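Structure first, then comments.
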Protein chains: 2
Amino acid sequence: MLMHNPPHPGEVLKELCIEPLGITVTDAAKGLGISRKTLSSILNGKAGISPEMAVRLSIAFNTSSESWLNQQSQYDLWEAEKHRNELHVTQLSAA
Amino acid sequence: MLMHNPPHPGEVLKELCIEPLGITVTDAAKGLGISRKTLSSILNGKAGISPEMAVRLSIAFNTSSESWLNQQSQYDLWEAEKHRNELHVTQLSAA
DNA sequence: TAACTCATAACGTATCAGGTTACAATATTT
DNA sequence: AAATATTGTAACCTGATACGTTATGAGTTA
């Protein structure tokens, strides 16, 4: 069960990876093999981290791809849970 | 680190939720508040489990939405990792 | 036979990742 | 100060995918 509002994975990426290394967004994008606009979108919370992007991050920053995708999942789930009560779903039991 | 080929989340859904209850795909779809085609696509591995669908499943089967979405993430990541060596990514270090 | 169940194809809509190009606002450097 | 670098973002395009409806064919059960 998720207990607190998870941050944008992009926010974590910026604060824990990009800024500590002192590299520019432009150079990081080059290293990741993606466009600057795509990285910028992630860093500013406009785009999520796709499975492929998680693998790219794991290579570039020597981390685990799982941790990146899990962060994204938890963020997405937090958003989805906000509308739990609006879903027309009934409990299912044996026929 | 993921060690073995994760199953389709839809496969798990079918074997651990639908079949044990002895309910039809049609009735399960009704309970979930989605179309029969959408559920069929998931059960047969043609579609993934979206964050919203994870919440629906958690309500209908009294489970955790996290477990469903994590299963999907692990499945997606397994697929993405297959192409790890095709990605043009370089290790990033301090400027 | 008739009714139910299911997978799937065809079609449309919405969302989203990702790319390119271009522009404006800051920083930084010379 | 002037020139350069950096960044966010808007506009536009493509491709993938979730989801819906409708229809069809196959299998199963009453």
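Note that these values count all heavy atoms, side chains included, but never hydrogens, waters or copies made by symmetry. A note on names: the letters A, B, ... follow the listed sequences, proteins ahead of strands, and every chain is numbered from 1. Quick caveat: nothing in here was measured; it's all calculated off a predicted structure.
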Item to check | Sequence neighbours excluded, every pair satisfying salt bridge (Lys or Arg N to Asp or Glu O under 4.0 Å) that has a member inside residues 78-94 of chain B | outcome: B:E79-B:K82, B:E81-B:R84

Item to check | Contacts of type side chain to side chain contact (heavy atoms under 4.5 Å, CB included), residue B:P20, not counting sequence neighbours | outcome: none

Next on the checklist: Five pairs per end, C1' atoms only: what is the angle between the end axes of the helix from C:dT1-D:dA30 to C:dT30-D:dA1, to 10 degrees?
Outcome noted: 30°

Next on the checklist: Looking only at the side chains, is there a donor atom on one of A:S73 and B:S73 sitting less than 3.5 Å from an acceptor on the other?
Outcome noted: yes

Checklist entry - Who are the salt bridge (Lys or Arg N to Asp or Glu O under 4.0 Å) partners of B:E15, not counting sequence neighbours? => result none

Checklist entry - Sequence neighbours excluded, which residues qualify as side-chain hydrogen bond (donor to acceptor under 3.5 Å, both in side chains) partners of B:D76? => result B:Q72

Checklist entry - What parts of residues 22-32 of chain A reach DNA chain D, counting only heavy atoms under 4.0 Å away? => result A:T24, A:V25, A:T26

Checklist outcome for this item: Per the under-4.0 Å heavy-atom filter, residues of residues 37-53 of chain A near DNA chain D come out as A:K37, A:S40, A:N44, A:K46

Checklist outcome for this item: Residue pairs passing the side-chain hydrogen bond (donor to acceptor under 3.5 Å, both in side chains) test with at least one member in residues 33-45 of chain B, sequence neighbours excluded, are B:S35-B:T38, B:S40-B:N44

Checklist entry - Tell me the salt bridge (Lys or Arg N to Asp or Glu O under 4.0 Å) pairs involving residues 54-63 of chain A, sequence neighbours left out? => result A:E52-A:R56

Polar atom pairs between nucleotides 25-30 of chain D and protein, under 3.5 Å, N or O only, would you list them?
none

Short heteroatom pairs, N/O only, protein and nucleotides 23-28 of chain C, under 3.5 Å:
none

Checklist outcome for this item: Quick note, ring-ring contact (aromatic ring centres under 6.0 Å, His included) partners involving residues 26-46 of chain B, not counting sequence neighbours, are none

Checklist entry - For A:T63 and A:W68, does a side-chain donor sit closer than 3.5 Å to a side-chain acceptor? => result yes

